[in-house]
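None of the values given here were measured: they were computed from a predicted structure. Whatever order the structure lists them in is the order used to number ligands and atoms, beginning at 1.
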Amino acid sequence: MSQQPILKVRDLYRTYEIKGGLFRPASTLTAVKGVNFDVERGTTLAVVGESGCGKSTLARMLTMIDAQSSGTIEVDGLPIDISKTGISKDMRQKVQIVFQNPYGSLNPRQKIGHVLEEPLLLNTNMPAAERRDLALDMLQKVGLQPEHYGRYPHMFSGGQRQRIAIARAIMMKPKLLVLDEPVSALDLSVQAQILNLLKDLQDEMGLTYVFISHDLSVVRYLADKVMVMYFGEVVEYGTRDEVFGNPQHSYTKTLFAATPNADVESIRKRIAAKNAA
Ligand SMILES: Nc1ncnc2c1ncn2[C@@H]1O[C@H](COP(=O)(O)OP(=O)(O)OP(=O)(O)O)[C@@H](O)[C@H]1O
Ligand SMILES: [Mg+2]
């Protein structure tokens, strides 16, 4: 087994050309500025930072939705650059994304079974019966029921829809899952359930996560390594204990000071106590 990281990012930039207006000259906005990091197999890198610091821009480059302006991204040892080369199906399957609002990415007219089987239909020659079995299997893995197979997205709660989005993302057994604020739109108790699900799936399938969040309690619960971004730059990168235990950068210190200490464990205990009462 090779020991190379699953994801290797070097000197990555993304700029946007901003059109001028009546009183504003055209300009260039650099959303991601020379970012470097590695993600080891089976681990979670959390990416934190305030709104607009470039997290989703980074996510779109990692998942081959958007091209980098310069710099390199290697997935499983192979470079990806969608502006220069076509990306093979194989490569696309290796990296999947889960968004904050899964409703936007689920077709309202498609039954859940179809949602889950679509990647198999598009990418494999698997017979229908086998696809169905895999989809049913996956429903169970993410904590849903076989009877959900024939239902439509609007028939689910937000938490359940996020389970469906996660299930769809892992149907093709990706190497890397990029999660862009996957629990930010959910109630705290549902957040905890989804985070537990992600942990279980990681253990079971050896998945690697890039987990984007502005919520430090979530990050503390899930991350092996933490990367803090500030105006497109990485200002802090280290193990969770390093970054939480001894934040170096002044931005990180402010960020940590501003965050109420609501960790998932204590939330779960509170909910358990309430249910017991
Ligand atoms: N397509 C685009 N064209 C022009 N500017 C863009 C585009 N996409 C993002 N930006 C700008 O790039 C910067 C980074 O945006 P990005 O969406 O990556 O931030 P973010 O960290 O994900 O923020 P949030 O936490 O609010 O989701 C912002 O200033 C944003 O306005
Ligand atoms: Mg974003």
Side-chain angles (χ1 to χ4, degrees), residues 7 9-37 39 44-71 73 80-83 95-106 158 161-162 165-166 169 176-186 188 191 194-195 198 209-223 225-237 243 247 249-252 254-260 262:
L7 179 65
V9 172
R10 291 294 177 273
D11 216 20
L12 190 68
Y13 280 80
R14 179 66 167 105
T15 55
Y16 295 112
E17 300 308 322
I18 309 293
K19 277 196 192 132
L22 198 49
F23 303 104
R24 198 163 33 92
S27 63
T28 306
L29 183 148
T30 308
V32 170
K33 292 180 197 163
V35 163
N36 294 285
F37 63 91
V39 186
T44 299
L45 171 73
V47 180
V48 219
E50 65 192 8
S51 184
C53 72
K55 303 183 297 295
S56 296
T57 302
L58 176 65
R60 285 196 298 274
M61 291 191 280
L62 299 181
T63 50
M64 295 163 255
I65 296 170
D66 196 8
Q68 65 262 45
S69 303
S70 65
I73 302 171
I80 50 170
D81 186 343
I82 63 169
S83 69
V95 189
Q96 296 293 323
I97 188 163
V98 173
F99 296 103
Q100 175 171 355
N101 171 11
Y103 214 30
S105 55
L106 296 173
R161 279 202 284 269
Q162 202 51 298
I166 292 167
L176 176 70
L177 196 55
V178 177
L179 301 124
D180 191 352
E181 305 268 8
V183 298
S184 304
L186 304 172
L188 282 183
Q191 282 193 12
I194 299 289
L195 295 176
L198 287 170
Y209 296 150
V210 172
F211 190 97
I212 295 172
S213 180
H214 63 269
D215 184 339
L216 291 175
S217 55
V218 167
V219 169
R220 186 198 281 271
Y221 179 67
L222 216 68
K225 281 196 172 167
V226 178
M227 179 167 108
V228 181
M229 289 180 72
Y230 187 60
F231 283 107
E233 284 178 89
V234 173
V235 294
E236 196 128 22
Y237 174 55
V243 174
H249 193 268
S250 58
Y251 168 68
T252 317
T254 332
L255 185 74
F256 282 24
T259 305

If you have a sec, work out which protein heavy atom is nearest [atom] and how many Å separate them, to one decimal?
atom	value
atom 14 (C) of ligand 1	G52 O, 3.3 Å
atom 26 (O) of ligand 1	S51 OG, 2.5 Å
atom 12 (O) of ligand 1	A31 CB, 3.4 Å
atom 25 (O) of ligand 1	K55 NZ, 2.8 Å
atom 9 (C) of ligand 1	Y16 CE1, 3.5 Å

Does an N or O anywhere in [X] fall below 3.5 Å from an N or O of ligand 1?
X	answer
C53	yes
S56	yes
L29	no
I18	no

Exercise. Hey, what do you get for CD1 (I97) to CG (D180), rounding to the nearest 0.5 Å?
Worked result: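 One finds 5.5 Å between CD1 of I97 and CG of D180.
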For this session: Answer yes if a protein heavy atom lies under 4.0 Å from atom 31 (O) of ligand 1, otherwise answer no.
Result: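 Neighbour list for atom 31 (O) of ligand 1 is empty of protein heavy atoms (cut-off 4.0 Å).
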Exercise. Please walk me through it: do N36 and V234 pass side chain to side chain contact (heavy atoms under 4.5 Å, CB included)?
Worked result: CA-CA 8 Å; N36 294 285; V234 173; over 6 Å; no
For this session: Give a yes or no answer on whether the side chain of Q68 reaches the backbone of L12 with a donor-acceptor pair at less than 3.5 Å.
Result: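 Checking the backbone N and O of L12 against the side chain of Q68, no donor-acceptor pair under 3.5 Å is found.
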Exercise. Under 3.5 Å, side chain of E233 to main-chain N/O of K33, donor-acceptor pair present?
Worked result: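 Flag not set: sc E233 to bb K33 has no pair under 3.5 Å.
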For this session: Carefully, step by step, assess M64 and V95 under the rule side chain to side chain contact (heavy atoms under 4.5 Å, CB included).
Result: CA-CA 8 Å; M64 295 163 255; V95 189; 3.6 Å; yes
For this session: For Y16, look at atom OH and say whether over 12 heavy atoms of other residues, nucleotides or ligands are found less than 6.0 Å away.
Result: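 Counting neighbours around OH of Y16, more than 12 heavy atoms of other residues, nucleotides or ligands fall under 6.0 Å, so yes.
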Exercise. Which of the atoms in ligand 1, numbered in the order shown and given with their element, are less than 4.0 Å from a heavy-atom of T57?
Worked result: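 The atoms of ligand 1 under 4.0 Å from a heavy atom of T57 are 14 (C), 15 (O), 16 (P), 18 (O).
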For this session: Number the atoms of ligand 1 from 1 as they appear, then name those within less than 4.0 Å of a heavy atom of G54, with their elements.
Result: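 Here the atoms of ligand 1 in question are 14 (C), 18 (O), 19 (O), 20 (P), 21 (O).
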Report yes if the side chains of [X] and [Y] come closer than 4.5 Å at any heavy-atom pair, otherwise no.
X	Y	value
E50	F231	yes
V47	L45	yes
I73	D81	no

Exercise. Strictly under 4.0 Å, does any heavy atom of R60 approach an atom of ligand 1?
Worked result: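 Checking ligand 1 against R60, which is what was asked, there is a heavy-atom contact under 4.0 Å.
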Exercise. Would you say S56 has an N, O or S atom lying under 2.8 Å from the Mg ion (ligand 2)?
Worked result: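 Within the cut-off used here (under 2.8 Å), S56 does place an N, O or S atom near the Mg ion (ligand 2).
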For this session: List the steps, then state whether side chain to side chain contact (heavy atoms under 4.5 Å, CB included) holds for L58 with M227.
Result: CA-CA 12 Å; L58 176 65; M227 179 167 108; 3.8 Å; yes
For this session: Check each heavy atom of K19 against ligand 1 and say whether those closer than 4.0 Å belong to the side chain, the backbone, both or neither.
Result: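 Neither part.
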